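Everything on this sheet refers to the single structure shown next.
This one's a predicted model, so the numbers in the text were calculated from it and none came from an experiment. Labels below follow one simple rule: chain letters A, B, ... track the order of the sequence lines, proteins then strands, and each chain is numbered from 1.
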Protein chains: 2
Amino acid sequence: MPTQTAAQRRAAAKQAYNAYIAACPSRQLLATLGDKWVALVLVALGSGGARYADLARHIAGVSQKMLTQTLRVLERDGLVRRKVTAAVPVRVDYALTPLGRSLLPVVAKIKSWAETHMDRVLLARAEHDAKRPAQ
Amino acid sequence: MPTQTAAQRRAAAKQAYNAYIAACPSRQLLATLGDKWVALVLVALGSGGARYADLARHIAGVSQKMLTQTLRVLERDGLVRRKVTAAVPVRVDYALTPLGRSLLPVVAKIKSWAETHMDRVLLARAEHDAKRPAQ
DNA sequence: CGGCATCCAATGTGATACTG
DNA sequence: CAGTATCACATTGGATGCCG
């Protein structure tokens, strides 16, 4: 008889599961893509390299913090390359790596499904909400 | 000359941008897919319908709350159908709708890329981290 | 120009206990 | 069995100010 039973066993199971799920490649990718700005940055860089300020302007609503953070994550993952040119005002260019470019078709697939079916989803959502207006 | 300038203009721009980005179908889909459990539930239901407890067991680490919440969202979006059978212990079955099934290839595409390239990402990540161990 | 550090509000996630 | 409700905690995102 263990001093702690159900709670402990569940905790252990969760640990094991978290380790498992953390190791799942798909979940890792989804965790990355799901980040609010990753896809935007990927697409913005898809048409070629860009400077930091270009990205900030092109993606508009993004805060400095999130743009920097997103770029750092993508760089860390080998999806984006960061090139610093030492000049009087420093110049920093970002570009997709081959690995990053290989991800573009996936994003395109997502975009394609979204453009084809998202109206159905929004319709379903509206109908569902209509049944519970005071929710 | 407005009494408030830069801060206000930025706020307005952000509002406009947020409206724009909220309307972007791809972002909406990514926001959904990016949810921690959505993809898992989708895949779990891909092989046919399942009862609530089946899902809870199959997806293991998920909490009751998150499973229910995820299922509600998917139902609201018309991706999952919920069928209640009135019995002495109530029986609830979940299944993908045609719309939900149409999303499976997209998830498969993501999974495929992840399984093919994720090791490269992890390698890049490890190399990157090796340069800043005390980070 | 291209960041980083700090603080703060909002949201997401989960444990736990209770219900028809 | 299949939830709902509440509380606590971790993470996220943004505003702001400073720096090389």
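Between Y52(B) and D93(B) there is no side-chain heavy-atom pair separated by less than 4.5 Å. Side-chain contact between Q28(B) and L122(A) is present, with heavy atoms from C-beta onward closer than 4.5 Å. The shortest distance between side-chain heavy atoms of L96(A) and L104(A) falls below 4.5 Å. Here the side chains of R27(B) and W37(A) are not in contact, with every heavy-atom distance at 4.5 Å or above.
In this structure, Y94(B) reaches the dG3(D) phosphate: one of its side-chain N or O atoms is under 4.0 Å from OP1 or OP2. OP1 or OP2 of dA2(D) has at least one side-chain nitrogen or oxygen of R51(B) nearer than 4.0 Å.
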task: Take R57(B) and D54(B) through the test salt bridge (Lys or Arg N to Asp or Glu O under 4.0 Å) and record every step on the way to the result.
output: CA-CA 5 Å; R57(B) 219 170 318 108; D54(B) 294 339; 3.5 Å; yes
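One interatomic measurement links the two molecules: CG of D35(B) to P of dG12(C), which rounds to 8 Å at whole-angstrom precision. Across the protein-nucleic acid pair, Q64(A) atom CD and dG17(D) atom C1' stand 11 Å apart, rounded to whole Å. A straight line from CE of M66(B) to P of dG3(D) spans 15 Å, rounded to a whole angstrom. As a whole-Å value, the separation of L30(A) CG from dG12(C) P is 17 Å. At whole-Å resolution of the value, CG in L67(B) and P in dC1(D) are 14 Å apart.
Between dT13(C), dT4(D), dG20(D), one nucleotide has an atom nearer to the side chain of K36(B) than all others, and that is dT13(C). The side chain of W37(B) approaches dG14(C) more closely than any other nucleotide in the set dG2(C), dG14(C), dG3(D). Counting only heavy atoms from C-beta on, K65(A) has its side chain closest to dA15(D) among dG20(C), dA15(D), dG2(C).
Nearest approach of L99(A) to D77(A), heavy atoms of both residues: CD2-O, 4.0 Å.
Looking at residues 68-85 of chain B, you'll see T68(B), R72(B), R82(B) sit with a heavy atom under 4.0 Å from some atom of DNA chain D.
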